[in-house]
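Comments concern the structure below.
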Amino acid sequence: MPISRNAGTVCGLAAILLWSLLALFTVYTGKIPPFQLTAMTFAVAFCLALAKWTILRENIIPFLILPPALWVLGVGGLFGYHFFYFMALKSGPAAEAGLIAYLWPLLIVIFSALLPGEKLRWFHIAGALLSLLGASLLITKGKSLDLDPAYMTGYLAAFSCAFIWSGYSVLSRYFASVSTDVIGTFCGVTAILAALCHFAFEQTQFPATIGEWLAVLALGIGPVGGAFFLWDMGVKHGDIQGLGVLSYLAPLLSTLILVGLGAAVFSWSLVAGCLLITSGAVIGSLHLLKAIFRQKA
């Protein structure tokens with residue numbers, strides 16, 4: 001059943017809010033290697049989709065027999081992003097790689113102008129750039145960036161992350177008629193591919209405590225599970241440009257949560273980053289705010 005533009009935007013925003021919990025839950029997963037954690041959490045997401053299909057007695061064949069282009073987009077988006085993200089962190093400095101990878105919200109705003117019926121306005125670009133500046137302060141903790149040519153492989157991998165996720169998000173609009181249930185299928189394939197990478201590059205480390213198992217489960221249900229289903233509905237049916245700008249709320253909220261729980265340190269760069277991201281989100285969402293005020297009037 002088609003959903004409205006406003007409902008789609010709310011779904012996308014819910015995904016962003018779930019992503020803000022990613023760092024928190026990851027902290028509590030202990031020493032589980034990245035690809036193993038990816039395999040475990042996406043397996044949880046797939047099991048949730050499988051449970052839904054079984055309970056509702058849905059025919060899963062349509063979620064398995066998909067056009068080749070959709071397979072490339074879905075698996076390439078979910079697995080490709082995580083593969084290159086881990087490669088970026090392994091091959092380059094974390095701060096620089098993280099910031100480059102987080103160009104994806106800005107790229108979504110820019111690429112969305114190519115979609116039918118979408119218009120790129122000045123406040124979209126201004127808001128995204130302002131939020132990007134704020135995100136850079138949070139990620140680098142106010143320190144200067146040093147793009148050392150020796151880490152070029154890591155930087156290129158980070159750029160790949162940004163282009164893969166922004167491309168996946170924007171191109172998903174062309175498959176708006178396809179059920180969001182297909183994300184469950186993509187999660188299953190991503191879990192298998194991540195497991196293969198784990199066995200090839202990592203040493204298995206299972207959770208040591210019940211708390212770590214619960215953190216893995218929480219990731220699979222939320223930031224690395226339900227969030228992708230909500231994001232699919234958001235980019236297919238919602239205000240994709242507004243969601244691009246609002247995506248910068250994820251690092252803001254994530255940092256505030258970590259500071260509140262004592263897992264991160266308060267600093268003036270944190271304050272400045274928060275103000276810039278908030279200001280950018282407001283500016284970039286002017287059309288959304290105007291629409292809300294018109295409805296109330």
Side-chain angles (χ1 to χ4, degrees), residues 1-3 8 11-12 14-16 18-19 22 25-26 34-56 58-87 101 104 107-108 111 160-200 216-238 240 243 247 250:
M1 180 182 296
I3 63 176
C11 288
I16 294 168
L18 284 175
W19 284 330
L22 179 63
F25 290 148
T26 302
F35 280 116
Q36 180 187 343
L37 184 59
T38 300
M40 294 174 71
T41 51
F42 273 101
V44 170
F46 172 72
C47 287
L48 291 176
L50 188 61
K52 184 232 177 188
W53 298 336
T54 302
I55 293 172
L56 297 181
E58 295 184 1
N59 180 13
I60 67 173
I61 299 301
F63 309 142
L64 300 176
I65 302 177
L66 303 171
L70 186 54
W71 275 112
V72 172
L73 180 66
V75 177
L78 295 184
F79 176 73
Y81 172 82
H82 288 85
F83 178 84
F84 283 104
Y85 182 73
F86 296 143
M87 180 184 291
W104 65 261
L107 293 177
I108 285 178
F111 292 160
S160 298
C161 288
F163 279 96
I164 287 173
W165 191 249
S166 58
Y168 163 80
S169 299
V170 173
L171 292 175
S172 290
R173 182 65 66 93
Y174 289 101
F175 296 94
S177 61
V178 178
S179 171
T180 292
D181 281 283
V182 298
I183 299 299
T185 304
F186 298 149
C187 285
V189 176
T190 297
I192 293 173
L193 293 176
L196 293 176
C197 288
H198 163 64
F199 292 129
V216 172
L217 183 62
L219 280 171
I221 295 174
V224 192
F228 292 115
F229 291 87
L230 291 167
W231 186 248
D232 184 73
M233 290 186 280
V235 295
K236 283 181 177 177
H237 307 287
I240 192 170
L243 289 174
S247 294

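Because the structure is predicted, anything quoted here is derived from the model rather than measured.
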Can you tell me how far the [atom1] atom of [X] sits from the [atom2] atom of [Y], to the nearest 0.5 Å?
X    : Y    : atom1 : atom2 : answer
I221 : F25  : CD1   : CZ    : 9.0 Å
S169 : L73  : OG    : CG    : 9.0 Å
I60  : W53  : CD1   : CH2   : 6.5 Å
L107 : I164 : CG    : CD1   : 12.0 Å
D181 : E58  : CG    : CD    : 5.0 Å
S172 : W231 : OG    : CH2   : 10.0 Å

Less than 4.5 Å apart, any side-chain heavy atom of [X] and any of [Y]?
X    : Y    : result
D232 : Y168 : yes
T38  : V224 : no
V170 : V235 : no
K236 : V178 : yes
V189 : W71  : yes
L70  : F186 : yes
L243 : I108 : no

Which pair of heavy atoms, one from [X] and one from [Y], lies closest together, and at what distance?
X    : Y    : result
W19  : A227 : NE1-CB, 3.4 Å
I240 : R173 : CB-NH2, 3.4 Å
C11  : L230 : O-CB, 3.3 Å
A191 : A43  : CB-N, 3.7 Å
W104 : A162 : CB-O, 3.5 Å
F229 : A49  : CZ-CB, 4.1 Å

Aromatic plane relationship, F83 with F35 - under 30° parallel, 30 to 60° tilted, over 60° perpendicular: tilted
Between F228 and F42, does the ring centre distance come in under 6.0 Å? yes
Member of F163, W165, F86 meeting the ring-ring contact (aromatic ring centres under 6.0 Å, His included) criterion with Y81: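 Passing option: W165.
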